[in-house]
Number of protein chains: 2
Amino acid sequence: MNLGFAAEMPETGGLLERLEEAQRLDDLQTAIEDLRDRYRVDHLVYHWVSANGTQYGCGTYDPVWVQRYLEKGYLRIDPVVIGCYQHFHPVDWKRLDWSSKAARAFQKDAIAHGVGNQGYSIPIRGPNGQFAVFSVSHNCDDEDWEEFTETNRRDLILVAHYFNQKALELEPGRTPEPAQPLSPREVEAMTLLAVGYSRAQVAETLSISEHTLRVYIESARYKLGAMNTTHAVARALSRGLIVV
Amino acid sequence: MNLGFAAEMPETGGLLERLEEAQRLDDLQTAIEDLRDRYRVDHLVYHWVSANGTQYGCGTYDPVWVQRYLEKGYLRIDPVVIGCYQHFHPVDWKRLDWSSKAARAFQKDAIAHGVGNQGYSIPIRGPNGQFAVFSVSHNCDDEDWEEFTETNRRDLILVAHYFNQKALELEPGRTPEPAQPLSPREVEAMTLLAVGYSRAQVAETLSISEHTLRVYIESARYKLGAMNTTHAVARALSRGLIVV
DNA sequence: TTTTGCCTCACTATTTCTGGGGAGTTGGAA
DNA sequence: TTCCAACTCCCCAGAAATAGTGAGGCAAAA
C-alpha cells in the first residue's frame, strides 16, 4: 500500500527516526547540525516566532548573529519571517519583498554575519497560534540553489514538521492553559469586533442589549487572559478561535 | 544531496506532481479519488474547518453523510475535528476522546453512513487561522491499521500539505488585498496594542507622546481601511503585517 | 527642487469602553 | 436532583479612545 512519497531509504541513516525519538531539546540541536552536514549546506535553523519574548530556537547560525537578531528586533523586519507568516507553502528568499530600506539593511547585516545569499524557508503552524520557521541557507548561485530546493523541498517539509512536533513536545511551559474555548456567543461577539463593529453595532447585530454584549466581551477577555478588547480580539485571532 | 525522506518513486505515478499542477478544485476531487484507489482504503477526505459556514471540502464520503454532517452541526461534536484542533501531529482516531455521549452517538451515526471503524487524521494550518483536516478511514482490524499508518504517515503528511496548498490557491475569495505596508513606527504601535498595551503604555514604551502615538494609530487605521483600533489590529494581524 | 512620506508635538469636545456591582432563566452534566 | 455554564438584562462613575483640526523638521524620491 505504500506509495512511496516519503519512502525511507537506506542512506538516510534514520535521521527522521532519531528525530522522533529525541528526548531533550539538546537532541534537536545535534540533529540539526547533523542534518546540515548531510545536506552539505551552510546553515539550517528552526525557530519559533512570537512577540512575547520566550521562544525556542536551534540551528547553526553564529551565536553572535542570533544575539544581534534578537537585540535589534529583526523579527519585525526580517522579510523571511513576514513572508512566511503570510504564506502556507515554503518560500524561496529570492521571491520575498526586500524593497524596504530596513529589509535591505537587514539583509546586508545578515550576510555580513555569515548567513548565505540563498535561502528557503518553511512556515509551520501549531495549535493556539503557534508559529515557527524552518530555514535552510547556503552560499551558491541561483542555478545550484534551484536544483537543491527542487530536489529536497518535500524532505524539508517533513523535516520541518518533525522538528516542530518535537519542539512542541519538549519545550516546557508550553500549554500551561489548555486554551479555554469561547462560547458560541463569545465567538460571534469577538468576530464582529474583529471586523470593525462597535459595541453598539455588535449588540444590534446579535439582537441583544449592549449590557449583555459587555458580559460576553468581559467573559471572553477573562478566558483569553487579555487586558482589553483589542488584546482579546488579537489573541482570539492568533489562537485561531475566530476567523475573519 | 537528496537524503530521500520523501523520495519520489516510479510507482507513484507522479500523484504529487499532478496535485501541484491542479488548475481547478475539481482536480482535487479527482486526485483524492485516485489516491483512495491507490491506497486501497475506504475513504479519504480533506475539508476546511471554520466557524463561518463557507468551507471547502472534497473526499469520498457518501454525499448523504456529508450533508447530514453539516446539517447536524457535527463539526462542533466530531472528536476528530476537536482532537486535530488541539494537536499538531497526526492522530489515530482510536486515541481520541470518545467518552461523551454526543461523541458516541456521532460515531455510531458515522459508521452507519459508511465511515470506517479505523481512521487517521492530519491537522493542517494556514495563514489567518485557516484550519483544515485531512483524514483517511478504513474498515479493518487494529493490527492492519497500525501497519498502514506506520507505513504511510509521512506520505500522508505531505499529501495533506499539498492538498491544503492547492485548496488555498484555488479557493476563490481568498485573494489577499494589496496590503499597504505600515511604517516601522506604525508596526511597533500596532504590535504593542495587539499584546494588550493601552495607548498610554505604548506611548511610554516607544518614548513618544501619546499625541504622536495617536497619529500613528490613525495613520495605520487609514492605511488598513479600519473602523477603529481593534479593527486595525485585527487586520494587521490577519494580513501578516505584525506578529504576536 | 518640489513633493512625498515619516516622525514629532498640541488642543477640545464627544463618544465609547471598562470595572465595579446584582439577578433571573435554561439546558445539559454529574 | 443538584450543579454549572451559558445566555439574558440592568445601573453608574471614571477611564480611555475618537474626530476634527493644527504645525514643524527631516530625508528620500521624483
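Side-chain atoms are counted along with the backbone in the values below, which use heavy atoms only and exclude waters and symmetry mates. Note on naming: letters A, B, ... go to the chains in the order of the sequence lines (proteins, then strands), and numbering restarts at 1 for each one.
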Check this one for me: any side-chain N or O of Ser198(B) less than 4.0 Å away from OP1 or OP2 of dA16(D)?
no
Between dC9(D) atom P and Leu206(A) atom CG, what is the distance in whole Å?
11 Å
Whole-Å distance between dC17(C) P and Met227(B) CE?
12 Å
Starting at the 5' end of DNA chain C and moving along, which residue's nearest nucleotide shows up first, Val215(B) or Ser219(B)?
Ser219(B)
Applying a 4.0 Å non-hydrogen cut-off, can you work out what Thr212(B) is touching in the nucleic acid: base, sugar-phosphate, or nothing?
base
Classify Thr229(A) by what it touches in the nucleic acid, base, sugar-phosphate, or nothing, heavy-atom distance under 4.0 Å.
sugar-phosphate
Output yes when Arg153(B) and Glu20(A) qualify as a salt bridge under the 4.0 Å nitrogen-oxygen rule, no when they do not.
yes
So, is Arg185(A) close to the dA5(D) phosphate, meaning a side-chain N or O under 4.0 Å from OP1 or OP2?
no
Identify, between Ala102(B) and Glu218(A), the residue whose nearest nucleotide on DNA chain C lies closer to the 5' end.
Glu218(A)
Mind calculating the distance between NE2 (His211(B)) and P (dA17(D)) to the nearest angstrom?
13 Å
What one should report as the nearest heavy-atom pair of Gln118(A) and Asp142(A) is NE2-OD1, 2.7 Å
Which whole-number value in Å describes the distance from Ile208(B) CD1 to dC9(C) C1'?
10 Å
Any donor-acceptor pair under 3.5 Å between the side chain of Arg214(B) and the base of dG22(D)?
no
Below 4.0 Å: OP1/OP2 of dA6(D) and any side-chain N or O of Tyr216(A)
no
Hey, what's the ring geometry for Tyr46(A) with Tyr56(A), parallel, tilted or perpendicular (30° and 60° as the breaks)?
tilted
Can a side chain N or O of Ser183(B) be found less than 4.0 Å away from OP1 or OP2 on dG5(C)?
no
Indicate, with a heavy-atom threshold strictly under 4.0 Å, whether Glu186(B) touches base, sugar-phosphate, or nothing.
nothing
Should Glu71(A) and Arg68(A) count as an ion pair when the cut-off is N to O under 4.0 Å?
no
Side-chain N or O of Lys223(A) closer than 4.0 Å to phosphate OP1/OP2 of dA5(D)
no
Would you mind reading off the distance between Leu182(A) atom CG and dA5(D) atom P, rounded to a whole angstrom?
15 Å
Within the 6.0 Å centroid threshold, strictly below: Tyr197(A) and His231(B):
no
note: Asn228(A), atom CG; dA16(D), atom P; distance rounded to Å ~ 11 Å
I need the CD1-C1' distance between Ile217(B) and dC6(C), as an integer number of Å.
16 Å
Between P of dT15(C) and OH of Tyr197(A), the distance in whole Å:
22 Å
For Arg199(B), answer base if it contacts any base atom (sugar-phosphate contacts may also be present), sugar-phosphate if it contacts only those atoms, and nothing otherwise; contact means non-hydrogen atoms under 4.0 Å.
base
